[in-house]
Amino acid sequence: MPNKNDKVKENVGGAYYVDSSCIDCDVCRDTAPDNFMRCDENNYSFVYKQPETDDEKTLCDEAMSCCPVEAIGNDG
Ligand code: SF4
């Protein structure tokens, strides 16, 4: 389960986030590259832009359901 109290600090504000259980697997960055990117310093992903279109939301939801450790949440 994603933990909204354990978000990585790089997430931009808004509904979608990555928490600290991310294992840096690349799935979300491949699935929704307009919204997720890698923090090279800390070896995890974060949300750098909240989805703005239905297509982006669909891809973010896909990334959320495909994340192998359930590190992506939506508390919107
Ligand atoms: S899919 Fe999940 S574990 Fe993989 S990089 Fe993204 S947030 Fe991290």
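Residue numbers start at 1 and run along the sequence shown. Both ligands and their constituent atoms are indexed starting at 1 by order of listing. We use all heavy atoms of the structure for the numbers below, so side chains are in, but hydrogens, waters and symmetry mates are not.
Chaining together hydrophobic side chains whose heavy atoms lie under 4.5 Å apart leaves Val27 on its own. Met37 belongs to a hydrophobic cluster whose remaining members, ordered by chain and number, are Val8, Val12, Tyr16, Val18, Phe36, Tyr44, Phe46, Val47, Tyr48, Met64, Ile72; membership requires side-chain heavy atoms of ILVMFWY residues under 4.5 Å apart, directly or through intermediates.
No side-chain donor-acceptor contact under 3.5 Å links Arg38 and Ser45.
Atom 4 (Fe) of ligand 1 has Cys25 SG as its protein N, O or S neighbours under 2.8 Å.
A 4.5 Å side-chain heavy-atom check between Lys4 and Asp75 finds at least one atom pair inside the cut-off.
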Taking it one step at a time, do Glu52 and Lys49 satisfy salt bridge (Lys or Arg N to Asp or Glu O under 4.0 Å)? CA-CA 8 Å; Glu52 292 168 356; Lys49 185 176 78 70; 3.8 Å; yes
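Considering only residues two or more places apart in sequence or on other chains, Val69 meets the side-chain contact (heavy atoms from CB on, under 4.5 Å) condition with Ser21, Ile23, Cys67, Ala71.
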